Amino acid sequence: QMADPFLYNTGERSHYGCLGHEVQIEYLKAYVCRPSFSTDKAVIVVHDVFGWQFPDIRYIVDLIASHGYVTICPDFFKGTEPWKSTDHWPDFPDWMKNHDPLKVDKEADVVLKYLKEQCGAKKIGIVGFSWGGMAVHHLMLKNPQLTAGVSLYGIVRDSEERYSLLNPTFFIFGEKDHTISLDQIFLLEDKLKQYCKVPYKIKVYPGQVHGFAQLKPEDMKPEDKPYIEEARRDMIDWIKMFV
């Protein structure tokens, strides 16, 4: 049995009053937040196993929107149940079989079409956390419409074709993440040096566990706060550089 990798307690989240609203896009529900001025730049946020309604992910959507991007988090689970902190960890592999982060291409296309046709987006980036980080890594190998990506603690591990990124991609990891070993991170770095033709960056944040970067301010421990804030600034800077 694996240890539960989500070291922050998801049962005691503080309530979050969202700034955006929910929309229906074809067969997908999505949460959208727009900046206070009009823009032709957008960012797709890919949620983690806790799904598109989880308060932490909506906080991140609102945060990115505040930097001047139409920001959207679609339900990549297509109406099926997200993983819950009360679920039993031994069931996780079965749950994952039905929620494959590498099978998100169709949903990404639906959302890209919406952003271009309904929101006037000309440049679109993507950011994803954990499950969503794996989805981002996958999409940056497959979908040239995504101008830049940020993958937070998600690596595509079981595929040969995982280093020829199409557009600039930034990989964020926590040093103490026991779902992703430093060996895996070094391998990623080594292979990207060999095969990747576009800008990329890998950064490991000291002492941080899996899921560290999407905590809301009131849920942060004081010793982690500087690293969480740095990771978010780095994420936004990458998006601003390329989107």
Side-chain angles (χ1 to χ4, degrees), residues 1-14 16 43 45-51 54-61 63-64 73 82-83 85 89 92 96 99 101-102 125-140 148-158 162-163 165 168-193 196 200-239:
Q1 174 173 338
M2 274 169 75
D4 185 341
F6 308 105
L7 296 187
Y8 58 89
N9 179 357
T10 56
E12 298 172 18
R13 320 309 293 140
S14 52
Y16 178 63
V43 174
V45 174
V46 192
H47 53 71
D48 61 15
V49 294
F50 300 116
F54 200 58
D56 293 13
I57 212 71
R58 297 205 164 183
Y59 174 78
I60 294 289
V61 171
L63 176 74
I64 295 172
C73 179
W83 185 255
S85 50
W89 194 238
F92 189 69
M96 272 295 275
H99 299 81
L102 310 190
I126 190 164
V127 171
F129 298 81
S130 184
W131 188 95
M134 291 167 75
V136 166
H137 184 169
H138 166 77
L139 287 165
M140 294 311 292
V150 184
S151 167
L152 294 96
Y153 28 84
I155 300 186
V156 175
R157 300 174 204 180
D158 40 11
R162 52 188 162 150
Y163 304 114
L165 299 163
T169 308
F170 178 24
F171 296 88
I172 286 176
F173 299 106
E175 180 199 19
K176 294 273 191 325
D177 185 334
H178 65 269
T179 69
I180 299 171
S181 67
L182 290 172
D183 288 352
Q184 287 167 329
I185 298 171
F186 296 144
L187 175 72
L188 178 67
E189 193 146 34
D190 192 43
K191 297 285 191 188
L192 287 174
K193 273 196 188 95
C196 188
Y200 66 86
K201 182 174 166 185
I202 293 176
K203 187 164 171 182
V204 180
Y205 295 77
Q208 298 308 295
V209 299
H210 193 82
F212 78 97
Q214 68 257 51
L215 286 175
K216 301 196 298 307
E218 60 275 27
D219 298 321
M220 295 177 192
K221 295 192 182 108
E223 63 271 23
D224 295 327
K225 194 172 185 229
Y227 298 110
I228 296 170
E229 289 176 348
E230 184 184 350
R232 287 186 189 159
R233 267 198 313 275
D234 292 345
M235 168 184 87
I236 302 274
D237 287 347
W238 187 262
I239 293 288

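Computed from a prediction, not measured in an experiment: that's the story for all the values here.
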Please round to the nearest 0.5 Å and tell me the distance separating atom OG of Ser181 and atom CD1 of Ile155. 7.5 Å

Return the CZ to CZ distance between Arg162 and Arg157, rounded to the nearest 0.5 Å. 9.5 Å

Which distance, rounded to the nearest 0.5 Å, do you find between the CD1 of Ile239 and the CD1 of Ile126? 9.0 Å

Got a donor-acceptor contact below 3.5 angstrom from the Glu229 side chain to the Pro226 backbone? no

Side chain to side chain donor-acceptor pair (under 3.5 Å) against Glu230, all qualifying residues, sequence neighbours excluded: Lys203

Measure the shortest side-chain to side-chain distance between Trp83 and Trp89 over non-hydrogen atoms and say whether it is less than 4.5 angstrom. yes

Taking the side chain as every heavy atom from C-beta outward, state whether Lys201 and Pro168 have any pair of such atoms under 4.5 Å apart. no

Val61 and Cys73 have their tightest heavy-atom pair at CG2-CB, 3.7 Å

By ring pair (Phe, Tyr, Trp, His ring centres under 6.0 Å) - contacts of Tyr153 (at least two apart): His210, Phe212

Do you know the tightest heavy-atom contact between Ile57 and Gly51? CG2-O, 3.8 Å

Any idea which heavy atoms bring Asp48 and Ser130 closest together, and the distance? CB-CB, 3.9 Å

Any side-chain heavy-atom pair of Gln208 and Ile228 under 4.5 Å: yes

Among all residues two or more places apart in sequence or in another chain, which pass the side chain to side chain contact (heavy atoms under 4.5 Å, CB included) test with Leu182? Ile185, Phe186, Val204

Which residues share a side chain to side chain contact (heavy atoms under 4.5 Å, CB included) with Lys191, sequence neighbours left out: Tyr163, Leu187, Gln194, Tyr195

Just so I know, are the side chains of Asp56 and Phe50 near enough to count as touching, which here means a heavy-atom distance under 4.5 Å? no

Please identify each residue that fulfils side chain to side chain contact (heavy atoms under 4.5 Å, CB included) with Pro206, with sequence neighbours left out. Glu175, Tyr227

Does the Trp131 side chain pair with the main chain of His99, one donor and one acceptor, at a distance under 3.5 Å? yes

Please tell me if the side chains of Ile64 and Met235 come closer than 4.5 Å, counting only heavy atoms from C-beta onward. yes

His138 to Val156 - nearest heavy-atom pair and separation: N-CG2, 3.8 Å

To the nearest 0.5 Å, how far apart are CD1 in Ile202 and CG in Leu188? 4.0 Å

State, to 0.1 Å, how close Gln214 and Arg232 come at their nearest heavy-atom pair, and which atoms those are. C-NH2, 3.3 Å

Who are the ring pair (Phe, Tyr, Trp, His ring centres under 6.0 Å) partners of Phe173, not counting sequence neighbours? none

Leu165: which residues meet the side chain to side chain contact (heavy atoms under 4.5 Å, CB included) condition with it, sequence neighbours left out? His137, Met140, Leu141, Thr169, Phe171, Leu192, Cys196, Val198, Tyr200

Checking Glu189 now: which residues fulfil salt bridge (charged side-chain N to carboxylate O under 4.0 Å, His left out) with it, not counting sequence neighbours? none

Which heavy atom in Val127 sits nearest to a heavy atom in Phe129, and how many Å separate them? CG1-CE1, 3.7 Å

If you round to the nearest 0.5 Å, how far is CG of Asp219 from NZ of Lys225? 12.0 Å

